Enquirer: 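I have a structure here, written as structure tokens, and I will follow up with some questions on it.
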Amino acid sequence: MSKSPQDVLSQIKDEGIELIDLKFTDIHGKWQHLTLTSDMIEEDSFTEGLAFDGSSIRGWKAINASDMSMVPDASTAWIDPFYKHKTLSMICSIQEPRSGEPYDRCPRALAQKALKYLDSTGIADTAFFGPEPEFFLFDDVRYDSKEGGCFYSVDTIEAPWNTGRIEEGGNLGYKIQYKEGYFPVAPNDTAQDIRSEMLLLMGELGIPTEKHHHEVAGAGQHELGMKFDSLINAADNVMTYKYVVRNVAKKYGKTATFMPKPVFNDNGTGMHAHQSLWKSGQPLFFGEGSYANLSQTARWYIGGILKHAPSFLAFTNPTTNSYKRLVPGFEAPVNLVYSEGNRSAAVRIPLTGPSPKAKRLEFRSGDALANPYLAFSVMMLAGIDGIKNQIDPGDGVDVDLFELPADELAKIDTVPSSLNDSLNALKADKDYLLAGGVFTEDFIDNFIDIKYEEVQQLRQRPHPHEFFMYYDA
């Protein structure tokens, strides 16, 4: 049952809670937090918020306009399991304290605007998302980047490169080979208990969970499964998922990363996103007798997704590392087509049986470093644009795109091959994001500037592998 502000205030009093932790998400998709004594929270805190200095948050306010307010969402309240002292945690949206308006660089506030826009179109009143974030668990991570040198090293006891390593107590040889991680039992799979603790803890915090398993990459790749939810709740759940994964991993002496491609020559990490629109409690994507039982509304939604994907990948795949995953040969969905059940397409229509309520599409190209509030919003806005403009996605493609001859594959559009290309696509194709005032020119320009700086950082540095290729050329 969803909590109200009165429920939270009663819980604070009844359980003698002394500390309140307020969490919010920055542009990069990283949680920031502030811990207050419980007497700082009153009923009007849930509408007026609590003041803080926003000038030190990456990509936010300048020092001369730094005052901002965190507005906690009572429905997100849970006792933080990682703090020694009993602390009630809540997720916040950010608003301007003077006007009371949502802060236009707050990702969660932006997602709330996206939902208001969806309702205003009359097309639908609810957007459901079912995200599937993957991650790697490592036993040791070391890296450095300076003027005279650059390196990284990741390691896990499961990794196939450790078959010859001398290990304490002897090397037992139970390593998982490249691309064979889906899904062996113990003793090859060493993280069963860790994943179980992560999944059960997520359930205790209110996330509707389903399953967990080892993923395809041999070097410690994993996934926890959670059920779909409305857009804001689904994004909140992703943030909580990451928080639980990182902190439970640390408890076991391991480290978790959501980097899309931390390991060369093995599968990378994605965040597939199942999605559907509903109106007045009825699903809009089911159309009996058509290809994959898709309604015309669903086909137009897919048309918007495929048309705008090159630009919105700047949000769903927002790092330079993202595009090291989006290469052929590792199950990466780089082809901008849709298909029933075909995992080599950017948009897959899962085989769901006869139930109209289960009909959905899955965008497979995104990754888990995406800010979920922004990622889900841009995909929904692209789909709405497709519906409004009746964008035809063409026919579904059921062949294995990884096996197509080169001349046939050349006819199929693909996702951008770099963050720079996605940013350029975003500059050229952003009107669908500005619809309804959901995104602003300021937000998009600021985001592009931040991400272009990341592109420049990598451009300016020699890569260690370049020494193998060119040092004595």
Side-chain angles (χ1 to χ4, degrees), residues 25-32 54-63 65-66 104-107 110 136 141-154 257-264 268-271 308-327 332 334 365-375 377-378 414-430 433-434 439-471 473:
T25 306
D26 66 15
I27 286 177
H28 296 267
K30 195 174 179 72
W31 255 353
Q32 312 292 330
S55 64
S56 296
I57 305 301
R58 296 181 299 171
W60 278 19
K61 283 289 192 182
I63 195 69
S66 60
D104 60 13
R105 290 189 184 180
C106 169
L110 184 148
F136 280 83
V141 175
R142 292 172 290 117
Y143 51 88
D144 200 1
S145 180
K146 50 195 176 186
E147 287 78 0
C150 180
F151 84 98
Y152 75 92
S153 173
V154 297
T257 182
F258 292 89
M259 280 181 68
K261 195 73 171 181
V263 176
F264 168 65
T269 285
M271 184 171 70
H308 298 300
S311 66
F312 73 60
L313 253 71
F315 295 100
T316 61
N317 302 73
T319 71
T320 58
N321 187 253
S322 299
Y323 298 84
K324 292 177 169 60
R325 166 182 167 256
L326 293 179
V327 295
V334 298
S365 302
D367 66 57
L369 282 189
N371 182 318
Y373 302 101
L374 301 181
S377 295
V378 296
T414 59
V415 299
S417 60
S418 70
L419 177 58
N420 190 64
D421 287 348
S422 288
L423 293 174
N424 287 338
L426 178 58
K427 289 179 183 178
D429 178 27
K430 59 185 176 182
L433 299 176
L434 302 173
F439 281 76
T440 63
E441 292 274 8
D442 171 74
F443 187 101
I444 294 173
D445 292 344
N446 180 54
F447 185 85
I448 289 173
D449 288 344
I450 290 170
K451 289 298 171 179
Y452 187 68
E453 175 58 28
E454 295 176 19
V455 171
Q456 286 295 88
Q457 287 189 42
L458 213 62
R459 276 179 170 171
Q460 295 169 2
R461 286 168 169 79
H463 189 284
H465 196 69
E466 289 177 314
F467 284 80
F468 284 93
M469 295 191 292
Y470 306 129
Y471 186 77

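Model, not experiment: these values are computed from the prediction.
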Enquirer: Within a strict 4.5 Å, meaning less than it, do heavy atoms of the N420 and R459 side chains meet?
Expert: yes
Enquirer: Evaluate the side-chain proximity of Y323 to K261: yes if any heavy-atom separation is below 4.5 Å, no if none is.
Expert: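 No, side chains not in contact.
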Enquirer: Show the numbers, then the answer: is there a side chain to side chain contact (heavy atoms under 4.5 Å, CB included) between N371 and F315?
Expert: CA-CA 7 Å; N371 182 318; F315 295 100; over 6 Å; no
Enquirer: I need the minimum non-hydrogen distance between A368 and M271, along with the two atoms involved.
Expert: N-CB, 3.7 Å
Enquirer: Calculate, to the nearest 0.5 Å, the distance between atoms CG and CD belonging to D26 and Q32 respectively.
Expert: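 If we round to the nearest 0.5 Å, D26:CG and Q32:CD are 5.0 Å apart.
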Enquirer: Report, as yes or no, whether the 6.0 Å neighbourhood of atom OH on Y470 holds more than 12 heavy atoms from other residues, nucleotides or ligands.
Expert: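 Not more than 12 within 6.0 Å, no.
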Enquirer: Measure the spacing between CG of N321 and CE of M259 and express it to the nearest 0.5 Å.
Expert: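 Going from CG on N321 over to CE on M259, the span is 3.5 Å.
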Enquirer: Hey, is the main chain of V154 close enough, under 3.5 Å, to the side chain of Y143 for a donor-acceptor pair?
Expert: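 Side chain of Y143 to backbone of V154: no pair is present.
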Enquirer: Let me confirm one number: the OG1-NE2 distance from T319 to H28, rounded to the nearest 0.5 Å.
Expert: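 Separation between the atoms: 11.5 Å.
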Enquirer: Is the H465 ring parallel, tilted or perpendicular to the H463 ring (thresholds 30°, 60°)?
Expert: perpendicular
Enquirer: Taking side chain as C-beta onward, heavy atoms only, is D104 less than 4.5 Å from F443?
Expert: no
Enquirer: Are side-chain heavy atoms of R461 and C150 found at a separation under 4.5 Å?
Expert: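 They are not in contact (no side-chain heavy atoms under 4.5 Å apart), so the answer is no.
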Enquirer: Under 3.5 Å, is there a donor-acceptor pair between the side chain of R325 and the main chain of S365?
Expert: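 Present.
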Enquirer: Hey, what do you get for CG (D429) to OG (S422), rounding to the nearest 0.5 Å?
Expert: 11.5 Å
Enquirer: Kindly compute the distance separating CG (N424) from OG (S418), expressed to the nearest 0.5 Å.
Expert: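 Output value for this atom pair is 7.5 Å.
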Enquirer: Pair L433, L426 - check side chain to side chain contact (heavy atoms under 4.5 Å, CB included), show working.
Expert: CA-CA 10 Å; L433 299 176; L426 178 58; 3.7 Å; yes
Enquirer: Can a donor-acceptor pair be found, under 3.5 Å and without considering hydrogens, that links the side chain of K451 to the backbone of L419?
Expert: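 Answer holds: no.
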Enquirer: Would you say the side chain of L313 lies within less than 4.5 Å of the side chain of L326, judging by non-hydrogen atoms?
Expert: yes
Enquirer: Which atoms form the tightest heavy-atom contact between A314 and L423, and what is the distance?
Expert: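 In terms of heavy atoms, the two residues are closest at CB-CD2, 4.0 Å.
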Enquirer: Side chain of D367, backbone of T269: donor and acceptor closer than 3.5 Å?
Expert: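 No.
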Enquirer: Quick one, V141 and T257 - any side-chain contact, counting heavy atoms below 4.5 Å?
Expert: no
Enquirer: Could you walk me through whether I27 and R58 satisfy the side chain to side chain contact (heavy atoms under 4.5 Å, CB included) test, starting with their C-alpha distance in whole Å, then the side-chain angles of each, then the deciding distance to 0.1 Å, before giving a yes or no?
Expert: CA-CA 7 Å; I27 286 177; R58 296 181 299 171; over 6 Å; no
Enquirer: Could you grab the distance from atom OH of Y373 to atom CG of L110, nearest 0.5 Å is fine?
Expert: 12.0 Å
Enquirer: Would a 4.5 Å heavy-atom cut-off, applied to side chains only, mark D442 and R105 as touching?
Expert: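 A side-chain contact exists here, since the closest heavy-atom pair is under 4.5 Å.
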